[in-house]
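See structure below.
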2 protein chains.
Amino acid sequence: MKCITIVEDEALMREELSDILRKAGYQVDEILTFDHVAEQLLERSPDLVLLDLNLPGDSGFQVCRELKRKSAIPILVLTSRDQLRDELHALDLGADEFLTKPCRRERLLARVANVIRRYEGRAHLLEGSGFLLDRQTYTLYLDNRSVVLPKNQGKLLEVFLIHRGEIVTKNDLCLALWQTTEYIDENALQVNLTRLKKTMASLGMRQQIAPVRGVGYRLIAEDGQTS
Amino acid sequence: MKCITIVEDEALMREELSDILRKAGYQVDEILTFDHVAEQLLERSPDLVLLDLNLPGDSGFQVCRELKRKSAIPILVLTSRDQLRDELHALDLGADEFLTKPCRRERLLARVANVIRRYEGRAHLLEGSGFLLDRQTYTLYLDNRSVVLPKNQGKLLEVFLIHRGEIVTKNDLCLALWQTTEYIDENALQVNLTRLKKTMASLGMRQQIAPVRGVGYRLIAEDGQTS
DNA sequence: TCCGATCCTTACACCATCTGTAAGTGTTCC
DNA sequence: GGAACACTTACAGATGGTGTAAGGATCGGA
């Protein structure tokens, strides 16, 4: 069953939304304290967030931005402020849908179902600059193509993406590959890195794995930007 | 550069939309004959379709349904009919966004960008009931998991999804597997089907491949509905 | 209820691909 | 120039996908 978290401070409206969604077969969950909202949401990691813009603590925009930076949880912004500016801003911050209150029950449910459907299977996607990586299968999405990476190459790229732009030590990489740091086979790691580089190049990716002498590696864009 | 195809019979409106989108940096493409619209769209396979509901030939709904059955190309329905019924119907048929004309330039562009962003990397996804299949890698998305199917199993499932619910002949399946109908190895096909069934079962999929004696197979939901 | 046609299962051997090993070649920087 | 570090290449073992073969199960008409 799909789980939805409502972020709305007006009790009456919250009850109403909750009721509608529950009757439609969703498991509903409510945020009741309005600071560190994004963290609370990350904690619960629902399948969808219903977010009001006017909150007592954090602003809805702030929540939106923060949540989207750290996850791919879909957000439906629902507000009484009927302002184009708000809508554009919310969408720009990564919201997936925008509705104004009051809102017909049918429309709400249709949009909710729509967003959830569109997010099917995206839960484990890591975002790189210009591509996506599925953490479960190591399927790489790039432009209009998709490729399944060999497990080891996938694991390496995954580590680089989790530490976006930062330096990744050889230890980190070895751990990711073999779940142990005891017996570090630098050479084997090296070979796997070379292979990843080769496939990235063959896919025309504009990222490079650059060595940081004596420490580890970093994933950078070709123009020098950290990725 | 992202490519958008406009399906709109009114020349004036078409020009205006085209202009707005081009200025925003999209490559724009227009459909000018309004039958077999879905096929034309599949041919071009743009990154987004802007679809009017009132068309001289095919109805917009029809186009929507047909396109979504055979691809995951995102559709933004743009219509002058401001009816909740239309909106619900369009969304139900798989449309991704719904806007009413006239529409502010900024809102249009925001929604377009939003849909395209959400679809990053989803271009080759086929939709089944309750799961998605990547046609390039045969990655299967189901609930919150994803699995890469072996090539043959992927090819078979792909054929079933393209002919959703219809009967698929052994010929079709052999063609998909070996690109030839000359030498049909019924047994090899059989074994591959068994393997697909087994992985589907192990994933808890509520679809079944049912034999149609003497003809071929059909993918049906466990409750008997064609999938 | 029997029998042939159709459909299904299982085990095995082949083959492609991924992976680690080994040995040697570049590169950097003091 | 040399030592540490980084990279490349080729090879062989392991893994997992595929076709083959043989036999078992099921269906449906006589």
Side-chain angles (χ1 to χ4, degrees), chain A residues 136-140 147-160 167-203 208-220, chain B residues 133-134 136-140 147-160 167-203 208-220:
Chain A
Q136 292 190 17
T137 59
Y138 304 120
T139 305
L140 184 62
V147 190
V148 178
L149 297 180
K151 249 183 266 315
N152 281 356
Q153 296 182 38
K155 285 181 186 173
L156 292 176
L157 185 53
E158 183 185 12
V159 177
F160 282 116
I167 294 176
V168 178
T169 67
K170 297 182 186 184
N171 236 303
D172 294 336
L173 296 170
C174 284
L175 256 170
L177 284 182
W178 304 295
Q179 295 87 39
T180 174
T181 174
E182 283 209 348
Y183 207 72
I184 298 190
D185 185 338
E186 295 238 353
N187 187 233
L189 172 60
Q190 181 55 62
V191 172
N192 279 293
L193 272 173
T194 301
R195 284 168 183 157
L196 174 57
K197 282 192 203 177
K198 203 169 283 179
T199 62
M200 285 173 71
S202 78
L203 290 169
Q208 283 191 332
I209 292 167
V212 180
R213 208 173 172 80
V215 185
Y217 296 85
R218 264 166 81 204
L219 186 64
I220 58 172
Chain B
L133 180 73
D134 185 314
Q136 291 189 17
T137 60
Y138 303 121
T139 305
L140 184 62
V147 190
V148 178
L149 296 180
K151 249 183 266 315
N152 282 357
Q153 296 181 39
K155 285 180 186 174
L156 292 177
L157 185 54
E158 183 185 11
V159 176
F160 282 115
I167 295 176
V168 177
T169 67
K170 299 184 185 181
N171 236 303
D172 293 337
L173 295 170
C174 285
L175 256 169
L177 285 182
W178 304 294
Q179 295 87 40
T180 172
T181 176
E182 284 209 346
Y183 209 71
I184 297 189
D185 185 339
E186 295 237 354
N187 187 235
L189 171 61
Q190 182 55 61
V191 172
N192 280 291
L193 272 173
T194 300
R195 284 170 183 156
L196 174 57
K197 282 191 202 175
K198 201 168 288 177
T199 63
M200 285 173 71
S202 78
L203 291 169
Q208 283 191 334
I209 293 168
V212 180
R213 209 173 172 79
V215 186
Y217 296 86
R218 263 166 82 202
L219 186 65
I220 59 172

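Only a predicted model underlies this, so the values are computations on that prediction, with no experimental measurement involved.
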Could you state the CG-P distance from Leu193(A) to dA6(D), rounded to the nearest angstrom?
-> 10 Å
Here the pair of heavy atoms bringing Asp185(B) nearest to Trp178(B) is O-CH2, 4.1 Å
Value in whole Å for how far the P atom of dA6(D) lies from CZ of Arg218(A) = 15 Å
Where do N or O atoms of nucleotides 26-30 of chain D meet protein N or O atoms at under 3.5 Å, pair by pair?
unit_1, atom_1, unit_2, atom_2, d
dC27(D), O2, Arg213(B), NH2, 3.2

With sequence neighbours excluded, what pairs up with Glu158(B) under the side chain to side chain donor-acceptor pair (under 3.5 Å) test?
-> Arg135(B), Tyr138(B)
From the list Thr139(B), Thr137(B), Asp134(B), side chain to side chain donor-acceptor pair (under 3.5 Å) with Thr139(A) holds only for Thr139(B)
Output the single nucleotide from dA23(C), dC7(C), dG17(D) whose closest atom is nearest the side chain of Pro150(B).
-> dG17(D)
Position toward the 5' end of DNA chain C (nearest nucleotide), Ala210(B) or Val191(A) = Ala210(B)
Side chain to side chain donor-acceptor pair (under 3.5 Å) partners of Lys155(B), counting only residues at least two apart = none
Under a 4.0 Å heavy-atom cutoff, the residues of residues 194-202 of chain B touching DNA chain D are Arg195(B)
Would you mind reporting whether Leu157(B) and Leu140(B) have side-chain heavy atoms less than 4.5 Å apart?
-> yes
Using a heavy-atom cut-off of under 4.0 Å over every strand shown, decide if Asn192(B) touches base, sugar-phosphate, or nothing.
-> sugar-phosphate
Tell me whether the OP1 or OP2 atom of dG19(D) has a side-chain N or O from Asn152(B) closer than 4.0 Å.
-> yes
All heavy atoms of Gly154(B) vs all of Leu133(B), minimum pair found to be O-CD2, 4.0 Å
For Val212(B), report the nucleic acid contact type (base, sugar-phosphate, nothing); a contact means any heavy atom under 4.0 Å.
-> sugar-phosphate
Approximate separation, where rounding is to 0.5 Å, of Leu196(A) CG and Leu149(A) CG | 7.0 Å
Length of the line joining Gln153(B):CD and dG16(D):C1', which is rounded to integer Å = 12 Å
Can you tell which of Val159(B), Leu173(B), Ile167(B) makes a side chain to side chain contact (heavy atoms under 4.5 Å, CB included) with Tyr217(B)?
-> Leu173(B)
Could you check how far CD of Gln208(A) sits from C1' of dC7(D), rounded to whole Å?
-> 14 Å
How close or far is atom C1' of dT18(D) from atom CG of Asp185(B), stated in whole angstroms?
-> 11 Å
Inter-end axis angle, the helix from dT1(C)-dA30(D) to dC30(C)-dG1(D), with every axis fitted to five base pairs (rounded, 10 degrees) | 30°
Donor-acceptor contact present, side-chain Asn192(B) to main-chain Leu189(B), <3.5 Å = no
Whole-Å gap separating P (dT15(D)) and NZ (Lys151(A)) = 12 Å
Rounded distance in Å - CD (Glu186(B)) to P (dC8(C)) = 11 Å
State whether Tyr217(A) places a side-chain N or O below 4.0 Å from either non-bridging phosphate oxygen (OP1 or OP2) of dC7(D).
-> yes
Restricting to pairs with a member in residues 192-202 of chain A, which pass salt bridge (Lys or Arg N to Asp or Glu O under 4.0 Å), not counting sequence neighbours?
-> none
Quick one: are Leu219(B) and Met200(B) in side-chain contact, heavy atoms under 4.5 Å?
-> yes
Working to the nearest 0.5 Å, report the span between CG of Leu193(A) and CG of Leu177(A).
-> 8.0 Å
Has Gln190(B) got a side-chain N or O lying under 4.0 Å from the OP1 or OP2 atom of dC8(C)?
-> yes
Does Trp178(A) put a side-chain nitrogen or oxygen below 4.0 Å from OP1 or OP2 of dG20(C)?
-> yes
What is the distance, rounded to the nearest whole Å, between atom CG of Leu177(B) and atom P of dG17(D)?
-> 15 Å
